[in-house]
Structures are given as structure tokens and as C-alpha cells.
Amino acid sequence: MRLDRRDTPVSHASDDALEAYETALHQLQAYRGDPMATIDAALAQHPDFLLGHLFKAGALMTAAENRFTTMARQSLADAAKLKGNDREERLRGAIDLLVQGHYHRGGHALDELLADYPRDAFALQLGHLFDFVRGNALSLRDRVARVLPHWTPGVPGYGYVKGMHAFGLEECNQYEQAERAARVALSFDPRDGWAAHAIAHCMEMQGRIDDGIAWMETSSRDWAVTGILAIHNWWHLALFHLDRGNLERVLKLYDSVIFGQPSDMLLVLVDATSMLWRLHVLGHDIGTRMEALADIWQARMKEERGFWVFNDVHAMMAFAATGREDQAQQVMRSLDAAAKGETTNAEMIREVGMPVAKGLLAFGRQDWAGAISNIGPVREISNRFGGSHAQRDVLSLTLIKAAINGGKSNLARHVLAERTFNKPESALGWTLLAATA
Ligand SMILES: [Fe+2]
């Protein structure tokens, strides 16, 4: 029986296929290079490399897009006749659940796999990223904690496991432990963009605006090469500047490193849109930037509507801000249809996504009461449709601004009290509070 570098069993016997898997896995862990190209090259040489097919299918799923799910389905079909060992068959089963849209069940299947193969680094990272997709903070933290006893500093990839734990701790508001874990991760790989990102989140949530700007500007030389994660990290830097009230810098970052190079990857579109929506909601001039985003969303939503509601609501921001009523209505109709299913996304739509989409559309129509009545009741459970606290904060800002615009000063001050307590250094919170006077 072959073992990978972390002593996890692999059924395929070829040295170069296994070597390619190790390279692709490292690229995925470090967010550097192109794991898909690496594994595709190996599969071209070894079409019977089951773990390669499973890696491809799972990694495609982490992009949280319908078009990549279609490709993942194809990878599973390509591997259908290949027989794997126990670990690989369970990995296949878990990925199959994810492809079918059962994110909670898929996440649990990965956890059961990890109980027996706790150093399956791919299963761990896949589970971690889907914990993010389903907004499960406890699982972001504890899935990693459960395998930690089996990871020691000598095991290859130990640092990346600490980086994942750091993000989970942060999402559970354990900021000091999170930052410590992230710094351990960075001692193993100073260019670990996920660990640097966890520190950014700690500073964001604690309202350490100056620290956050200094940290992201200094560490950017290390994570700037991490592809889509780098764009997200630049987004975090922009968020700090927004908190400080430096809008010129926010737009400069947007025009250069966040969306200077237009992309149709939804992870990028989500960040770009939510940043512009924040500016729009706050009443700042964003020029024609949102129109450009809405055009891309419009083209992409033909395939992506109703797939993951976290994406749908960001498309809704673009449509609501640009007054694209037809597109907005199409999103609502597809959410209606998708909500009837049995998938995790159907639950997300019913519990959170539908009211959020309605609230955003209402805000776009300057129907402040509609924005308040839809977003208010679900804001505190909005983790159920995925993302991070920092990303979902856009809902609080929208609610606060709807309350201010709608003359509901008490409500605005009520919600703002959270912000001024948790982030006393944030100029934005105090500026908004002053606007309620
Ligand atoms: Fe983030």
C-alpha cells in the first residue's frame, strides 16, 4: 500500500502521479500556482489516477460556482469505474454529496473520513472551505481542532493546518488564540495567504484599523502572489480604509488590485460588488463602476442563478444599485424555484437568502421600510447562507443606512451601538452615529 507524505493511503502506484498530487495539494494549501493545471497534467498521463480525479472534483467545488460543479460532476464520472481504497471511496462519497448540493452532509462525511484519516490534508481543507460556504463558524474551528492531535510540526503542511485553525478561531471570536495560531502558520510559510487573512479578520473584528492597515500593507509583499486570495486580501485592506473613512484609498484599491483586472470569477465579483455596495449605501459616488459589474453579473447569472444564494444576493446588490429591475426579478424568481429543493442552498434561501435579496432590492428602490423589515429579522442568523462575519457586515451597514434614510433614528442608533462598542476606533461607526442626530 502506498502512502502520501502524511502517511495517508493512496491506491495508485505511480510515483510521478503521487508527486503531482503532492505538488497540487501544496499549491491548493498555499494558494499559489495552479493546482488544476498540475493535476490535469498528471491525469493526462494517468487517467486511472483516482485520487487525482477526486482532487480535481473537490478543488473545483471550492470555487462555489455552478459552472465548476458541472466540471466536478464530469470528474466524478471520469472516475466512476476506478476502484479506490477505503479513504478514497469515502472521499468520493463526500464529494458526491457536495456535488449534489448537500453541503452539511458532505461536510459531515468528510469529518467521518478525518476521524480515521486525520492527516488527509485535502479532505480537511475541502471540509474547511465548505464550512465557510455554509457559514458554520464552530465547524471552521472544531473540524481542525479534532485533527490537530495528529499533526505535529514535523508533518508536511502542519503550518497550513494552523492557518485554517486560526481562521476558525477568529470566526468564533477567539481573536488572541486565532492570531497566535496564524503567526505559527506564518513561521512555517511566511507567504501563507490564508494565515495572513486570518490575522486581517482578527483586526477587522476588533476594530484595530491602524494595525490592520499596517499588517496588510506590510504582509502584502508575501501574499500578493496568491491569486484570488490576494484579491480578497486587498479587499480586506480596502475595508480597513473604509472604516477609517479614506474613500479615495478604497477606490484606488478597487481600481487597481481588486477589480483593475475585470474577472468573471464569482469570488472576485462578490468582493468587488460588496465593496461598491458599501460605498453606494453610504452615499458615495462610485461612478459607473457598478454598471460594469452588473453587466458581468448579468452574463454570468444565466448559469449561476439559484446555485448558491450568497452569490445571488451579491448579484442583487449590483442589480439593485443600478436599477436593473428585470434582472432583479429574475433573481427573485430563480430563488423562489431553488428554495423548493432539498439542497443546502434551498435551506439557505428559505432561512436567510430570500429576505436578504428582498431587502437589498428594497434598498435599491429607496424603500427604506422594506429594507428594514426584510434584513432586520435575519441579520443575526445570516451566517446560515455562508461567508464570514466581515463579509456579512454589509447587511448591518445596509440596515443602519436604511434606518437613517427612513428617519428611524432610534433603530439606527440601536444597531450602531454594536459597532461603536466593538470597533471604537472605526471612524465609520461614529460618522454614521453623528448622522442620526
Ligand atoms: Fe475574509
Side-chain angles (χ1 to χ4, degrees), residues 28-32 62-64 125 128-137 139-141 144 160 162-175 178-179 181-183 185-186 191-209 211-217 219-220 222-243 250 253-254 257-259 263 265-278 308 310-311 313-314 317 382-383 385-397 422-423 426:
L28 191 74
Q29 290 173 317
Y31 296 86
R32 293 196 294 271
T62 65
Q125 191 173 356
H128 189 63
L129 292 173
F130 267 86
D131 289 337
F132 172 79
V133 167
R134 63 203 184 100
N136 190 325
S139 195
L140 277 166
R141 181 190 66 181
V144 188
Y160 300 119
K162 292 294 282 186
M164 286 188 265
H165 196 212
F167 183 63
L169 286 163
E170 178 281 322
E171 286 296 292
C172 289
N173 310 344
Q174 293 168 249
Y175 304 122
E179 199 168 327
R183 292 194 189 276
L186 288 165
R191 296 194 297 159
D192 180 345
W194 190 252
H197 169 248
I199 292 178
H201 269 270
C202 290
M203 293 172 170
E204 170 66 32
M205 297 309 293
Q206 293 170 295
R208 292 160 57 194
I209 310 301
D211 285 354
I213 290 172
W215 166 249
M216 293 313 268
E217 282 181 346
S219 63
S220 63
D222 294 321
W223 49 253
V225 294
T226 56
I228 282 183
L229 181 57
I231 295 172
H232 182 68
N233 276 337
W234 289 120
W235 177 87
H236 274 281
L237 176 58
L239 213 51
F240 288 121
H241 282 296
L242 183 69
D243 252 323
V250 174
L253 284 165
Y254 181 90
V257 280
I258 295 173
F259 213 68
S263 167
M265 288 290 293
L266 296 195
L267 290 167
V268 177
L269 279 177
V270 160
D271 280 345
T273 307
S274 77
M275 187 54 71
L276 289 190
W277 177 260
R278 283 168 168 81
W308 180 31
F310 193 74
N311 292 333
V313 299
H314 283 84
M317 290 175 198
S382 61
N383 64 297
F385 76 0
S388 65
H389 296 299
Q391 285 175 308
R392 293 185 299 265
D393 184 51
V394 71
L395 301 180
S396 299
L397 278 181
N422 292 327
K423 302 171 85 172
S426 163

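Indexing begins at 1, ligand by ligand and atom by atom, following the structure's order. Excluded from the calculations below are hydrogen atoms, water molecules and symmetry mates; all remaining heavy atoms, backbone and side chain alike, are included.
- For the Fe ion (ligand 1), the count of nearby protein N, O or S atoms, meaning those under 2.8 Å away, is 4.
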**Prompt:** Given Tyr31 and Trp194, is the ring-ring contact (aromatic ring centres under 6.0 Å, His included) satisfied, shown in steps?
**Reply:** CA-CA 8 Å; Tyr31 296 86; Trp194 190 252; 5.7 Å; yes
**Request:** Report the C-alpha distance between Leu266 and His314 in whole Å, list the side-chain angles of each, state the deciding distance to 0.1 Å, and finish with yes or no for side chain to side chain contact (heavy atoms under 4.5 Å, CB included).
**Result:** CA-CA 9 Å; Leu266 296 195; His314 283 84; over 6 Å; no
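- Ring centers of His236 and Trp223: at least 6.0 Å apart, outside the cut-off.
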**Message:** Under the criterion side chain to side chain contact (heavy atoms under 4.5 Å, CB included), I'd like the reasoning laid out for Arg392 against Phe385: C-alpha separation, chi angles, the key distance, then a yes or no.
**Reply:** CA-CA 10 Å; Arg392 293 185 299 265; Phe385 76 0; 4.2 Å; yes
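- Each of His389, His197, His232 was checked for a ring pair (Phe, Tyr, Trp, His ring centres under 6.0 Å) with Phe167, and the lone residue meeting it is His197.
- Judged by distance alone, the side chain of Gln125 and the main-chain N or O of Leu28 form a donor-acceptor pair under 3.5 Å.
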